[in-house]
Amino acid sequence: MNRGTVMRATEVEFDKAKEHLKTLKNDPGNDTKLRIYALFKQATQGSCSSPKPGMLDFVNKAKWEAWNSLGNISKEDARQKYVDLVGTLISSEAPIQKEATTAGDPKSSYQTLQVTTENNITTILLNRPEKKNAISRKMYEEIMQALEQAGKDDSVLTVMTGSGDYYCSGNDLSNFTQVGAEGVEKLARDSGELLTRYVSHFIDFPKPLIAVVNGPAVGIAVTGLGLFDVVYATDRATFHAPFSQLGQSPEGCSSYTFPKMMGTAKANEILLFNKKLTAAQACDLGLVTEVFPDNTFQQEVWKKLRAYAKLPKDSLRYSKQLIRGMEKEKLHAVNAQECVRLQERWLSEECMNAIMSFFQNKSKL
Ligand SMILES: CCCCCC/C=C/C(=O)SCCNC(=O)CCNC(=O)[C@H](O)C(C)(C)COP(=O)(O)OP(=O)(O)OC[C@H]1O[C@@H](n2cnc3c(N)ncnc32)[C@H](O)[C@@H]1OP(=O)(O)O
């Protein structure tokens, strides 16, 4: 590049930076967030021309000040600065996480996931960090689609992990507030059908499926872990299945896999009495394979996974099928039974009150 040439980010680089921003694991802090906001506004709308918000409108006032402070820089310069700033934030995070989630060949048709294949590993990144990766109806459908593709592609392993500070906060509770003209019975029936299909995709998944639990997990994100082949967790992760608090009942085959894995008495504390486990406790009970310190989690786990992914693909596939094969029929029966019970639960007063209370109070479970 000649001296004095100004670098200009392209629209594609700008769009990529917007996507990368969603995968940030660490909170960049308010000042940086305001600068990102301001550069984005300047890049898309030009200089700030709106009137200054009132002094009690703290949030919009801070945003206005950040945007206004950019002065007259051009849209192109703002776009370049935005791309640079996001690039700096991404590269300051664990390099292995970046590699696993943003490089490779993103199947960009997904709205709620980022799916990449690299080093023989297909990674399904749950990508609604602003909602703690709660699983919306769209996300259930997209996870099923991603599993179907990953089951057929050339990769050796499939990994599921979360974007941001949570692994996943379970079912998006607003799935139960979207009642159509046909009423709540229809909603419960459709939800039961969706859940049956969703869990079946895990039961039938043909190659090693690994959960990289990068933060707390709630509800179905915990119960479904019994259907993964290996579960690695950061020591920051917690495992909470608050069914009775929500007037619901277990799913993800956990009414069978949990007692089998850890004994009925231990499973009951989790599935009946909402006991929240630390990562170390979950590991002692056999739900988690291994726990890593948060600051080396991504590095250590991805190093291991890259080594595993060099093993012969068919051997791993057939071995998994032998280990799980005998159980498949049983698991489908358990899944069907759990979903029938849940359909009844979703129509119960206990469950409706609990969901209303979450949205009214945003009460923490
Ligand atoms: C189709 C039907 C299939 C049904 C399958 C059956 C599955 C059952 C389950 O999974 S049961 C478990 C359901 N999950 C929960 O009950 C968790 C609810 N969430 C919380 O308790 C908290 O949000 C938290 C502890 C996960 C995180 O707390 P905190 O760190 O304080 O963050 P916020 O609460 O501010 O969350 C940020 C933002 O995300 C929204 N959100 C988080 N989790 C969910 C969720 N599960 N459903 C809907 N929305 C969720 C939260 O409301 C905030 O949104 P806002 O910024 O206010 O718009």
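Residue indices begin at 1 and follow the sequence shown. Counting starts at 1 for both ligands and their atoms, in listed order.
Of all atoms in ligand 1, listed by their number and element, those nearer than 4.0 Å to a heavy atom of Gly170 are 10 (O). Numbered from 1 in the order shown, with element, the atoms of ligand 1 that lie under 4.0 Å from a heavy atom of Tyr140 read 1 (C), 3 (C), 4 (C), 5 (C). Heavy-atom proximity to Ala134, at under 4.0 Å, picks out these atoms of ligand 1: 44 (C), 45 (C), 46 (N), 47 (N). Of all the atoms in ligand 1, the ones that sit under 4.0 Å from a non-hydrogen atom of Glu130 are 37 (C), 38 (C), 39 (O). Atoms of ligand 1 lying under 4.0 Å from any heavy atom of Leu194, numbered from 1 in the order shown and given with element: 1 (C). Shown in contact with Ser169 at under 4.0 Å from a heavy atom are these atoms of ligand 1, numbered in order with element: 13 (C), 14 (N), 15 (C), 17 (C), 26 (C), 42 (C), 43 (N), 44 (C), 45 (C), 46 (N).
The closest approach between any non-hydrogen atom of Trp346 and ligand 1 is below 4.0 Å. In this structure, His240 has no heavy atom closer than 4.0 Å to ligand 1.
The shortest N/O to N/O separation between Asn171 and ligand 1 falls below 3.5 Å. Considering backbone and side-chain atoms together, Ile220 places an N or O closer than 3.5 Å to an N or O of ligand 1.
In terms of heavy atoms, Ala279 sits closest to Thr234 at CB-O, 3.5 Å. Minimum interatomic distance between Asn119 and Ala309 (heavy atoms only, all atoms of both residues): O-CB, 3.5 Å. Among all heavy-atom pairs drawn from Ala237 and Ala233, the shortest one is CB-CB, 4.3 Å. Closest of all the heavy-atom pairs between Leu187 and Arg137 is CD1-NH2, 3.3 Å.
At a heavy-atom cutoff of 4.0 Å, ligand 1 is contacted by the side chain of Leu246 but not by its backbone. Residue Tyr166 touches ligand 1 through its side chain alone, judged by heavy-atom distances below 4.0 Å. Here Lys131 has heavy atoms under 4.0 Å from ligand 1 in both its backbone and its side chain.
The one candidate from Asp229, Asp153, Thr158 that meets the side chain to side chain donor-acceptor pair (under 3.5 Å) condition with Lys207 is Asp153.
Although no hydrogens or angles enter the test, the distance criterion places no donor-acceptor pair under 3.5 Å between the side chain of Gln248 and the main chain of Phe243.
Using a 4.5 Å cut-off between side-chain heavy atoms of Ile, Leu, Val, Met, Phe, Trp and Tyr, with links allowed through other members, Phe40 and Trp64 fall into different hydrophobic clusters.
Taking a 6.0 Å sphere around CZ of Arg341, one finds it holds 12 or fewer heavy atoms contributed by other residues, nucleotides or ligands.
Residues Phe228 and Phe202 bring their aromatic ring centres within 6.0 Å.
Considering only non-hydrogen atoms, atom 12 (C) of ligand 1 lies nearest to Gly219 out of Gly215, Gly219, Ser191, Pro129.
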